[in-house]
Structure formats: structure tokens, C-alpha cells
Amino acid sequence: ARTGRVVHRILQTLPEVPEEQRLSYAERGLRRNALNEAVAQRLIAIVEDPGNAALFAAGSEAEVSIGTRLPDGTPLTGTIDRLAVGPREVLIVDYKSDATPSPLNAQSAHVRQLASYCFALQKIHPENLIKAGILWTGAARLEWVNPAEIHKALAQFAAAGTATKA
């Protein structure tokens with residue numbers, strides 16, 4: 001859990017650090033918390049991966065608090081680890097430090113959490129496509145959730161009349 005918190009903090013600010021200073025910045029953050037400095041390379045690979053460019057571009061945000069109510073009145077609150085709003089799509093990503101990535105289906109707690117974020121953001125950005133993913137920090141891999149699984153999770157919320165607090 002502590003490693004996950006430290007990785008979150010580093011990924012929160014690493015995109016704003018000049019490229020040539022990123023390695024030393026990440027290593028300092030890890031060393032200060034008595035964690036393996038080798039993780040720094042993995043974090044830099046995540047931020048600098050061209051496939052993740054929009055997610056870490058200028059204007060993207062880290063640790064964004066959201067809140068809304070489900071149609072049945074159930075309050076829903078959470079914090080999105082990374083949010084990027086573009087002209088046609090909204091990207092939301094949650095960081096997970098699980099050693100082994102789990103399947104991303106509607107029964108997954110991770111997908112249910114992302115579905116609740118999608119629900120809230122669809123109210124704010126009704127014209128935009130909302131893409132949700134998990135950034136597996138241990139594997140340095142971003143995995144987008146199939147939209148059908150998000151829709152299934154939302155349907156389960158509606159049927160149950162409840163949502164998870166994320």
C-alpha cells in the first residue's frame with residue numbers, strides 16, 4: 001500500500017518535470033521513502049510512452065475529485081488518478097500497483113470503480129466519448145477497459161440501486 005501511495009505521488013507530478021530531470025526526481029522520491037530506485041525507470045517509461053501522450057500532456061490533471069448522485073439518489077464520490085479532457089474524448093485512468101493485473105470485466109472492483117467515474121463524467125461531458133483504463137504500475141502497462149464492460153457495470157449499479165465509494 002505504501003509503495004502504491006509513493007508511486008501515485010510521483011506519477012502525479014512527473015509529467016511536469018523536465019525530461020532530463022525525471023530520472024533523478026523519481027529516484028529521489030523512491031529513495032526518500034526507502035523504496036527500490038529501479039522502479040523509477042518503469043515510471044518514466046509510463047509517462048514517456050507515446051501511447052500515453054494524451055494522458056500526461058499539458059492540461060491533463062492528477063488526483064481529480066468527483067462527486068454526483070446516481071439516478072436512485074445514492075451519493076457517489078471518488079478521486080480520479082489521471083484525467084485528460086480533449087475536444088472529443090475524456091480519458092480517465094486509475095493507477096493500480098497489483099503484482100498481477102486482474103481481468104477487466106464488469107464484475108471486477110476496478111471496472112466498477114471506473115464505471116462510477118464514467119457515470120459522473122458523462123454528466124459533465126455528455127458530447128464526449130469517455131475512455132477508462134487501468135495503469136498497472138508494476139507492469140508499466142496501460143490497459144483500456146472495453147466499453148461494453150463499463151456499460152454492464154453501470155447496469156449492475158442501476159439494478160442494485162447502489163454504487164461503490166471509490
Would you give the length of the straight line joining atom [atom1] of [X] to atom [atom2] of [Y], rounded to the nearest 0.5 angstrom?
{"X": "R31", "Y": "E37", "atom1": "CZ", "atom2": "CD", "result": "4.5 Å"}
{"X": "R42", "Y": "R141", "atom1": "CZ", "atom2": "CZ", "result": "13.0 Å"}
{"X": "I134", "Y": "E143", "atom1": "CD1", "atom2": "CD", "result": "8.0 Å"}
{"X": "H151", "Y": "Q156", "atom1": "NE2", "atom2": "CD", "result": "13.5 Å"}
{"X": "L104", "Y": "W136", "atom1": "CG", "atom2": "CH2", "result": "5.5 Å"}
{"X": "H125", "Y": "I130", "atom1": "NE2", "atom2": "CD1", "result": "7.0 Å"}

Exercise. Taking atom CD of E20 as the centre, does the number of heavy atoms from other residues, nucleotides or ligands within less than 6.0 Å exceed 12?
Worked result: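 Enclosed.
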Nearest atoms (heavy-atom pairs only) where [X] meets [Y]:
{"X": "S116", "Y": "L76", "result": "CB-CD1, 3.2 Å"}
{"X": "Q41", "Y": "L23", "result": "NE2-CD1, 3.6 Å"}
{"X": "R22", "Y": "P15", "result": "NH2-O, 3.1 Å"}

For this session: Using the test side chain to side chain donor-acceptor pair (under 3.5 Å), find all partners of T13 that sit at least two apart in sequence or belong to another chain.
Result: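 T13 satisfies side chain to side chain donor-acceptor pair (under 3.5 Å) with Y25 only.
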With a 4.5 Å cut-off on side-chain heavy atoms, are [Y] and [X] touching?
{"X": "Y95", "Y": "L11", "value": "yes"}
{"X": "V111", "Y": "I150", "value": "yes"}
{"X": "K152", "Y": "Q107", "value": "no"}
{"X": "L142", "Y": "D49", "value": "no"}
{"X": "N33", "Y": "R5", "value": "no"}
{"X": "I66", "Y": "L83", "value": "no"}

Exercise. Any donor-acceptor pair under 3.5 Å linking the side chain of E89 with the backbone of N128?
Worked result: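 Such a contact is absent between E89 side chain and N128 backbone.
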For this session: Measure from the side-chain N and O atoms of S97 to the backbone N and O of T137, and report whether any donor-acceptor pair falls under 3.5 Å.
Result: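 No; judged by distance alone, with no hydrogens or angles, the pair does not exist.
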Problem set entry | Worked check of side-chain contact (heavy atoms from CB on, under 4.5 Å) between F56 and L14 | CA-CA 9 Å; F56 294 104; L14 193 60; over 6 Å; no
Exercise. Cut-off 3.5 Å, side chains only: do H110 and D94 have a donor facing an acceptor?
Worked result: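 No donor-acceptor contact under 3.5 Å links the two side chains.
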For this session: Please report the C-alpha distance between I92 and R82 in whole Å, then the side-chain angles of each, then the deciding distance to 0.1 Å, and finally whether the side-chain contact (heavy atoms from CB on, under 4.5 Å) criterion is met.
Result: CA-CA 6 Å; I92 60 173; R82 198 82 198 173; over 6 Å; no
Exercise. Going only through I, L, V, M, F, W and Y residues with side-chain contacts under 4.5 Å, is there a path from W144 to L135?
Worked result: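 Same cluster: W144 reaches L135 through Ile, Leu, Val, Met, Phe, Trp or Tyr contacts under 4.5 Å.
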Problem set entry | Connected via hydrophobic side-chain network under 4.5 Å: I124 and V64 |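 Same cluster.
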